[in-house]
Structure formats: structure tokens, C-alpha cells
There are 2 protein chains.
Amino acid sequence: MTTSKKDLFSAAQVALAEFAGALAHPARIAIIGFLQSRGEASCGEIVAALPLAQPTVSQHLQSLNRVGLLHVRPEGARVSYSINCEALRDFCHSFQCTLGTGDAAEPANRSAQAMAEAI
Amino acid sequence: MTTSKKDLFSAAQVALAEFAGALAHPARIAIIGFLQSRGEASCGEIVAALPLAQPTVSQHLQSLNRVGLLHVRPEGARVSYSINCEALRDFCHSFQCTLGTGDAAEPANRSAQAMAEAI
DNA sequence: ATCGTATATCGCCAATATACGATTTTAGAT
DNA sequence: ATCTAAAATCGTATATTGGCGATATACGAT
């Protein structure tokens, strides 16, 4: 990319792309699945469950958190992570409703509204 | 990345990540939105609508097509593209139903089943 | 066969993402 | 204050992605 062209697209389009980008790695899918099955987990517990080093997992958690996909609850030195289901649902909704497939519920927050405008 | 770790994750996880990756660029979100509003369009018409060169748009179309997001219909030299709504709906479903948010319909094809298994 | 138009592919470079060892930061325990 | 454990950040190596000019390919028309 000679020059980054992200500024040539709308903020809503960029936001939606960034959300999708947060899901665009098998490790992050695995983290979401692990958190889903566990309800919540610390970084260390996720490291133990995945074939990746601690800094790498921490990095992936930041990627997910940056787009609002996680609930983060510090418990002393330990940090408890869990899924923000709302954000995930709203992301899906922004695709479904604008594509007229009809079976999604109403969006629940602001970022979903922005995303829906993107497409 | 010293060594690619994609082989350390399940095929379903990789598939889901690749699908998300296809949505992870503002230009591809814009293409989806354009196709949605138009119903169908040729590569050239998309090029005219976006601030990108023809090879770049063609490349993005390949990215979307690789994960099954497009219907491709050649009409002589021209190629007509449109959205595979089914694929997009199934992608969203695989997140929604496994997260237990409940408001998604049943998946309609095989790739959705694979995706649902990922998480 | 040649031309004109539409699309895809190639080749190269710039930019971004991924991975992780080493280090720092944070917080509880002693 | 010091020790320990957990998590985040830094630095750096490597891999992947994005952009586009040049070129190749496909196809209808002449």
C-alpha cells in the first residue's frame, strides 16, 4: 500500500471493517470460543489453553478489546476477561438488517447504529 | 510472525477468521454496500464508484469471492457481481446462535455449520 | 485475424499484522 | 521495602496485506 486509503472511506465503513478485523484471526476466534465456554477467564488461563506465548495472547486480547468485544474486570494483579455479547450481536445485526434478511432484533447501542450506516 | 501458527487452530476456526478477514477492509465494506444498493454491478462500475484503481478493485472482489460472499455471473467480457446474502446471513448466524443471543434463524448451508463449530 | 473493451494476474514496493523474548508495570503477600 | 505472580509494553524479526502500473487474458464486433 503506497498510501493508506482508509481516509477515503466513511468513518462507519472503517469502524465496521475494524470490527471484522478483530475477528480475522484464528487465535482470536479461539479466544472468543474459550471465553464463551468458560464465561470468563484471565489472560494466563487463556495462555494455558492456546499454543501461544503470553505477550501474544495479551496482544490479541487488546485487539478484541479495542473494538469493544470484551468486558474487562481487574481483580488485583489478575484481569478477568469475558465476552461483550451485545457488541457481537450488534455487529451481526448491522449486516443482517441492512441486507434485508429480516431476522435480527433491534440494535442496542450507538456503535451498532454507526455500523448499520456503513452499508 | 516467526512461524505461521494457523495450522495450530481448527479448520472451522480458520474458516471463520478468513470470512471475517474478507470483511476487514473499508473498500470491501463499500463494495458490499454498493452491490447491496445496486443489486448487481460490474467490476468497472464499482471502480467508477470507488477511489481505487481497477486492479485493486478486482483484487478486493477476489477476496470477497474466495469466501463465497459473491455471486459471479459472466456476461461476455463483462462480469456481473452481486451479494450472496445467504453466506452473509450464515456468517452472522454462526456467531449469534453459539453465543446464545437467540434471535437468529436456523443456518441454511454447510459452511455455516462448520463456522458454528468454530466457536 | 485484428481491434476495442472489460477483467484478471503479475511484479514490486509500502504498510500493517503477528509472534515472542526481554522488560516493565501492577498489585497482593510477607 | 522486598518478593512473587500476573499482565502489559517494548523491541525486533518475519509474514501478510494493500495498492497500482504493466501485462495478460477473455470476448464481442468488424
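Note on naming: letters A, B, ... go to the chains in the order of the sequence lines (proteins, then strands), and numbering restarts at 1 for each one. Computed from a predicted model, the values in this text were never measured in an experiment.
Residue Y81(B) has no polar side-chain atom (N or O) positioned under 4.0 Å from OP1 or OP2 of dA6(C). Remark: T56(A) is not in phosphate contact with dT18(C), judged by side-chain N or O atoms under 4.0 Å from OP1 or OP2. Side-chain N/O atoms of H25(A) include none lying less than 4.0 angstrom from OP1 or OP2 on dT16(D).
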Verify side chain to side chain donor-acceptor pair (under 3.5 Å) between S80(B) and E40(B), making sure each step is shown before the conclusion.
-> CA-CA 6 Å; S80(B) 173; E40(B) 65 87 37; 2.3 Å; yes
Please report the C-alpha distance between L69(A) and F19(A) in whole Å, then the side-chain angles of each, then the deciding distance to 0.1 Å, and finally whether the side-chain contact (heavy atoms from CB on, under 4.5 Å) criterion is met.
-> CA-CA 9 Å; L69(A) 260 168; F19(A) 197 104; 3.6 Å; yes
Between V72(B) and L61(B), does a side-chain contact (heavy atoms from CB on, under 4.5 Å) hold up when you go through it step by step?
-> CA-CA 10 Å; V72(B) 184; L61(B) 285 168; over 6 Å; no
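Rounded to whole angstrom, the span from the CG atom of L52(B) across to the P atom of dT7(C) amounts to 15 Å. In this entry the distance linking CZ of R78(B) with P of dA29(D) reads 14 Å, nearest Å. Spacing between atom CD1 of I46(A) and atom P of dA7(D) amounts to 9 Å, rounded to whole angstrom units. Taking atom CD1 of I31(A) as the reference point, atom C1' of dA7(D) lies 14 Å away to the nearest angstrom. Put simply, CZ on F9(B) is 11 Å from P on dT18(C), counting in whole angstrom units. Atom-to-atom, CZ of R73(B) to C1' of dA26(D) comes out at 17 Å; the value is rounded to the nearest Å.
Both distances falling under 3.5 Å, in either a Watson-Crick or a G-U wobble arrangement, place dA6(D) opposite dT25(C). Nucleotide dG11(D) forms a pair with dC20(C), judged by Watson-Crick or G-U wobble geometry with both contacts under 3.5 Å.
Heavy-atom distances to DNA chain C give each of A24(A) and V79(B) a nearest nucleotide, and the one nearer the 5′ end belongs to V79(B).
Proximity of L70(A) to L35(A): side-chain heavy atoms (C-beta onward) are separated by under 4.5 Å at one or more points. Using a 4.5 Å heavy-atom cutoff, the side chains of E86(B) and H71(B) are not in contact.
Across every non-hydrogen atom of R28(A) and G21(A), the tightest pair is NH2-O, 3.1 Å. Nearest heavy-atom pair across I46(B) and A41(B) is CG1-CB, 4.1 Å.
Near DNA chain C, meaning a heavy atom under 4.0 Å from it, residues 58-65 of chain A has Q59(A), H60(A) in order of number.
One distance of note links NE2 of H60(A) with CD1 of I29(A); it measures 11.0 Å at 0.5 Å rounding.
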Determine, for nucleotides 22-30 of chain C in 5'-to-3' order, which nucleotides have protein heavy atoms under 4.0 Å from the base (write B), from only the sugar-phosphate (write S), or from neither (write -).
-> B----SS--
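Relative ring orientation between F91(A) and F91(B) is described as perpendicular, the plane-to-plane angle rising above 60° on a 0-90° scale split at 30° and 60°.
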